[in-house]
Number of protein chains: 2
Amino acid sequence: MTEIEKISSEQLILEAAEQEFLTKGYDGARTISIAQKAGVTHAMLHYYYRTKRQLFECILAKTISTVKETMLAAMGDPDMPLVERLKDGIASHFDHMVANPLLPRFFLNEIISRPELYSLLYERVASFIREFFADLQSEADAAAERGEIEKIDIPMLIISIMSLNIFPFVAYHFIEPVMGTIIADREIFLEERKAENIELIMRRIIKH
Amino acid sequence: MTEIEKISSEQLILEAAEQEFLTKGYDGARTISIAQKAGVTHAMLHYYYRTKRQLFECILAKTISTVKETMLAAMGDPDMPLVERLKDGIASHFDHMVANPLLPRFFLNEIISRPELYSLLYERVASFIREFFADLQSEADAAAERGEIEKIDIPMLIISIMSLNIFPFVAYHFIEPVMGTIIADREIFLEERKAENIELIMRRIIKH
DNA sequence: AAACTGTTTGACAAAATTGTTAATAACTAT
DNA sequence: ATAGTTATTAACAATTTTGTCAAACAGTTT
């Protein structure tokens, strides 16, 4: 008897659902399509998850916890000096995007467009983020005071970082054909892109 | 008899459809919802546009031509010196985003996820874009040779510009609550954002 | 006014999608 | 083996959404 890992239908459905929802969104996803991908009848889907909505909530929970991890990673190490902390945070954040390339689009489309869901999620992290911003801002102000870096507005800088790190994944299908030869090797492109994003932010804050 | 502009139902439906499709996407849009917004029965929608798909194609055609305009504007004036041309192009592109804030998300979601549609669209502009890139690259190489700017990779720079200019609109609902007070006045925020994007790109290319 | 044209509607049909159920199969523990 | 539990299926029901149609309506021309 070989080592056949018999994965439960429940799990198969969950994985198929993740792929379906992440690529097509809630409205575009079809329960039948999910069941087919999982290799079961669609009645099974209802047996384990009751409704399409509830199955979706399971995927949602997964993505939300991944997003939380990503944000934490992006915040970097508070003990590092600001510039190093930023470099580190940007790189970590980018790596999380590489590891979960479908998440940004899904998150932007499905969570943010549902005010009830998003405001709930936001309330939980609001004070945390405010604290992080304030912390970073005072560090930045101090460094600027010492003439080490330019005077910078942290929220604006964060938006820049997010734009640079997230957009390529949201728009990958658009970028790929246009950039053609440049992106021939995805691995290499992503490494270059990460370095470029760090370079951009560094040049924005260092004094010239 | 007052100047009552009696807008045709056909036009009302088109406008309602644009709003519905741009905010909810094709899958999320409902023909009944469009008809209600337009203030007519949904049979009218089929009378004028036959099917939901055909109505969608009409909206699609509009958005594609808007995107073309935006890209043209973003290319700036070939007679200007490179740095000025870039500043000008970035600002124009950003202004187009401000004027059509729902377009980026719609375009990224609806067009790019449909390979048949996108490859068709792309074939038409591919050579044009390649030419533009090559043109810009040789200008950039020349300027770098003269020591005016850093040596830069144009495709990478374009991705940076697109990321910075487009992302804030794709993610506005996400950014807004997080940035709270900073974005209290949308007009002001957008002006600052535009300036910030130009500043970032300029600092990336000028020699230090 | 009658005939003609395009517009509008409500009721209905068709299709697609989600959700349910009763019967059966497979597995587990006594 | 048998009773009991969980898993699975096929057929079916319900719902939602899109699409059709004949009849009524409104404006225009003769």
Side-chain angles (χ1 to χ4, degrees), chain A residues 1-63 106 109-110 113-114 116-117, chain B residues 1-63 106 109-110 113-114 116-117:
Chain A
M1 195 147 99
T2 50
E3 262 289 317
I4 297 171
E5 265 298 321
K6 198 190 165 196
I7 304 163
S8 69
S9 293
E10 188 171 1
Q11 183 64 19
L12 283 172
I13 291 168
L14 201 67
E15 285 165 16
E18 176 167 348
Q19 207 216 314
E20 178 87 356
F21 283 129
L22 259 63
T23 52
K24 302 192 188 166
Y26 182 79
D27 293 325
R30 295 289 165 251
T31 54
I32 289 180
S33 169
I34 292 172
Q36 280 171 349
K37 271 182 215 168
V40 298
T41 61
H42 83 284
M44 291 297 292
L45 186 150
H46 294 287
Y47 175 67
Y48 283 115
Y49 299 96
R50 202 80 195 155
T51 67
K52 176 184 180 183
R53 186 75 215 176
Q54 279 186 48
L55 177 54
F56 180 71
E57 305 286 353
C58 294
I59 304 303
L60 212 51
K62 274 184 71 175
T63 74
F106 177 79
N109 281 328
E110 302 297 327
S113 58
R114 304 186 204 263
E116 80 289 358
L117 213 166
Chain B
M1 196 147 96
T2 49
E3 263 287 319
I4 297 171
E5 264 299 322
K6 198 190 166 199
I7 305 163
S8 69
S9 294
E10 188 172 1
Q11 182 63 19
L12 283 172
I13 292 168
L14 201 67
E15 285 166 17
E18 177 166 348
Q19 207 217 315
E20 179 87 355
F21 282 129
L22 259 61
T23 53
K24 302 192 187 166
Y26 181 80
D27 293 324
R30 295 289 165 252
T31 54
I32 289 179
S33 169
I34 292 172
Q36 280 171 350
K37 270 182 216 169
V40 298
T41 60
H42 83 284
M44 291 297 292
L45 186 150
H46 294 287
Y47 175 67
Y48 283 115
Y49 298 97
R50 200 81 194 154
T51 67
K52 178 185 179 183
R53 187 73 216 178
Q54 279 186 48
L55 176 54
F56 180 71
E57 305 286 352
C58 293
I59 304 303
L60 211 51
K62 274 184 72 175
T63 74
F106 178 78
N109 281 329
E110 303 297 328
S113 58
R114 301 182 207 262
E116 79 290 357
L117 212 168

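In the text below, chain A, chain B and the rest are named by the order of the sequence lines, each starting its count at 1. Computed from a predicted structure; not experimentally measured.
With sequence neighbours excluded, no residue satisfies side chain to side chain donor-acceptor pair (under 3.5 Å) with A/Q19. With sequence neighbours left out, the salt bridge (Lys or Arg N to Asp or Glu O under 4.0 Å) criterion links B/E15 to no other residue. Taking A/T23 as the reference, A/L102 meet the side chain to side chain contact (heavy atoms under 4.5 Å, CB included) condition, with sequence neighbours excluded. Taking the side chain to side chain contact (heavy atoms under 4.5 Å, CB included) definition, one finds that A/T63 meets it with A/L22, A/I59, A/L60, A/L103, A/F106, A/I111, sequence neighbours left out. Scored by the side chain to side chain contact (heavy atoms under 4.5 Å, CB included) test, A/Q54 finds A/R50, A/T51 as partners (sequence neighbours excluded).
Within the structure, the side-chain hydrogen bond (donor to acceptor under 3.5 Å, both in side chains) test picks out the following pairs touching residues 36-46 of chain A (sequence neighbours left out): A/E20-A/K37. Applying the salt bridge (Lys or Arg N to Asp or Glu O under 4.0 Å) test to pairs two or more places apart or on separate chains, none has a residue in residues 26-36 of chain B.
B/L14 is not listed as a side-chain neighbour of B/Y48, based on a closest heavy-atom distance of 4.5 Å or more.
Between the CD1 atom of B/I34 and the C1' atom of D/dG19 there is a distance of 14 Å, given to the nearest Å. Per the geometry, CE belonging to B/M44 stands 6 Å off P belonging to C/dT9, to the nearest Å. One can place CZ of B/F56 at 14 Å from P of D/dG19, the figure rounded to the nearest angstrom.
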**Message:** One character per nucleotide, please: for nucleotides 18-23 of chain C, 5' to 3', B when the base has a protein heavy atom closer than 4.0 Å, S when only the sugar-phosphate does, - otherwise.
**Reply:** BBB---
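A sub-4.0 Å separation between OP1 or OP2 of D/dT8 and a side-chain N or O of A/Y48 is present. Between C/dT7 and B/S9, no contact under 4.0 Å exists linking OP1 or OP2 to a side-chain N or O.
Rounded to 10 degrees, the angle separating the terminal axes of the helix from C/dA1-D/dT30 to C/dT30-D/dA1 is 0°, with each axis obtained from five end pairs.
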